Protein chains: 2
Amino acid sequence: MVTITGVSDASYDRSRCSVAGTLAVVGEKWSLLVLREAFLGVRRFADLQQALGAPKAVLTDRLATLVQEGILRKEPYQADGARQRHEYRLTDKGRDLYPTLVALMQWGDRHLADGPPPLALEHADCGAPVRVSLVCDGGHEVTGPHDVRPRASATTGRTAAVR
Amino acid sequence: MVTITGVSDASYDRSRCSVAGTLAVVGEKWSLLVLREAFLGVRRFADLQQALGAPKAVLTDRLATLVQEGILRKEPYQADGARQRHEYRLTDKGRDLYPTLVALMQWGDRHLADGPPPLALEHADCGAPVRVSLVCDGGHEVTGPHDVRPRASATTGRTAAVR
DNA sequence: ATGCTGGGTTCGCTTGACGAACCGTGCACG
DNA sequence: CGTGCACGGTTCGTCAAGCGAACCCAGCAT
């Protein structure tokens with residue numbers, strides 16, 4: 001029996017903004033890397049373990065947490081001539097983390113460059129490189145934080161200027 | 001003297017793709033939350049500590065790491081009638097993490113909703129909500145991972161179909 | 001000289017990560 | 001029939017990291 005650690009049991013305030021809440025769910029070590037592999041099509045425990053090099057106990061725990069959070073789901077499968085197992089697949093909720101992963105990857109490609117990026121993403125339709133961008137609902141491209149004004153909606157007013 | 005932990009000294013492979021590399025830099029607990037506060041304009045140690053509730057020792061260590069990585073820089077300042085101190089400001093490299101933070105926040109807003117999002121971002125020019133999106137250089141909007149084809153550039157071939 | 005404030009450091013404890021060893025179920029093969 | 005083996009874990013001992021509370025130190029004000 002795995003000790004399933006509840007989501008917000010420790011630290012990570014979450015009340016100030018959703019970054020903390022998201023990190024409470026996927027911010028532990030290996031979680032986002034598990035999801036990276038999931039987006040690359042890796043679904044089985046042994047394959048994840050080999051791709052990541054994470055300790056089995058940790059991987060077991062992360063997978064259980066991600067399933068509990070509805071980011072992955074366990075699906076049975078039958079490799080021919082083997083007993084029934086289950087694999088881990090992304091849910092819609094999990095797939096919504098794709099821009100986050102791409103954003104992390106993009107930053108690393110830009111700022112940690114030891115040569116060319118190890119993995120490039122291209123649009124399946126047209127073959128052009130894929131990247132994240134900030135846009136507003138008015139259709140404008142947002143260049144950075146100086147173009148953005150944060151506005152607190154709850155009672156805890158915090159309307160700081162971003163610089 | 002703070003024990004500055006080198007960036008890639010432990011775990012986080014980084015060779016496979018840049019997600020691991022980025023997490024090696026900002027993936028420790030509190031790092032991304034420190035940056036969230038930085039984007040909200042918080043610059044001083046005491047303010048960070050109060051906003052986050054992180055232990056001082058951990059905060060000291062994270063700030064030192066972020067400075068060492070060139071994501072924050074220390075700037076002297078003089079509060080009137082007080083001795084000279086220094087504050088932490090984002091560098092360009094740090095500001096490039098903004099889309100990552102927004103992506104994390106957006107996922108939390110969408111999937112952890114207990115009522116309305118605690119913090120809304122709006123375009124300073126037009127007031128419309130700001131969000132991250134995936135686009136390709138051909139100008140198309142990318143809806144999700146199924147529209148993206150990963151391609152490994154290095155010798156370590158890994159071209160899995162994404163589903 | 002005394003106290004206060006900002007920015008830390010030190011200390012002892014608890015939690016989490018790590019790797020190696022072990023377990024158990026069920027198919028295949030002899 | 002029984003033995004092996006592979007997958008998917010669990011258990012264990014060790015070691016690093018996170019934690020809160022207490023302490024420290026420089027300098028300005030009084």
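Since we're looking at a predicted model, the values are computed, not measured. Below, chains carry the letters A, B, ... as their sequence lines are ordered, and counting in each starts from 1. In what follows, every heavy atom counts, from backbone to side chain, and hydrogens, waters and symmetry copies are set aside.
For the pair B:Y77 OH and D:dC28 C1', the interatomic distance rounds to 14 Å; values are reported in whole Å. If you take CD of A:Q50 and P of D:dG8, they are 12 Å apart, rounded to a whole angstrom. Rounded to whole Å, the distance from CG on A:L48 to P on D:dG9 is 11 Å. C:dA21 atom P lies 14 Å from atom CD of A:Q49, rounded to whole Å. One atom, NZ of B:K56, and another, C1' of D:dG20, lie 11 Å apart when rounded to the nearest Å. Residue A:D61 contributes atom CG, which lies 15 Å from atom P of C:dT15 at whole-angstrom precision. Here D:dG18 presents its P atom at 13 Å from CG of B:L33, a figure rounded to the nearest Å. Atom C1' of nucleotide C:dG6 and atom CZ of B:R44 are separated by 9 Å, given to the nearest angstrom.
When all heavy atoms of B:W30 and B:P55 are compared, the pair lying nearest together is NE1-CD, 4.3 Å.
Look at B:W30 and you won't find any side-chain N or O under 4.0 angstrom from OP1 or OP2 of D:dA17. The side chain of A:Y88 contributes no N or O atom lying less than 4.0 Å from OP1 or OP2 of D:dG8.
For D:dG18, the base has no donor-acceptor partner in the side chain of B:K29 [N/O atoms by modelled type, under 3.5 angstrom]. Within 3.5 Å, no donor on the side chain of A:R83 pairs with an acceptor on the base of C:dC27, nor the reverse.
A side-chain N or O of A:D96 and one of B:H111 form a donor-acceptor pair less than 3.5 Å apart. A donor-acceptor pair shorter than 3.5 Å cannot be found between the side chains of B:R43 and B:Y77.
By the 4.0 Å N-to-carboxylate-O rule, B:E87 lies too far from B:K74 to be salt-bridged with it.
For the side chain to side chain contact (heavy atoms under 4.5 Å, CB included) test, no residue two or more places apart in sequence or in another chain qualifies with A:Q50.
For A:K74, whose side chain is taken as the heavy atoms from C-beta onward, the closest listed nucleotide among D:dG9, D:dG18, C:dG8 is D:dG9. Distance from the side chain of A:T60 is smallest for D:dG9 among the nucleotides C:dT9, D:dA6, D:dG9.
Using a 4.0 Å heavy-atom criterion, one finds that A:A57 contacts the bases of the nucleic acid, with or without backbone contacts as well.
Nearest-nucleotide mapping onto DNA chain C: of A:P55 and A:Q84, the residue sitting toward the 5' end is A:P55.
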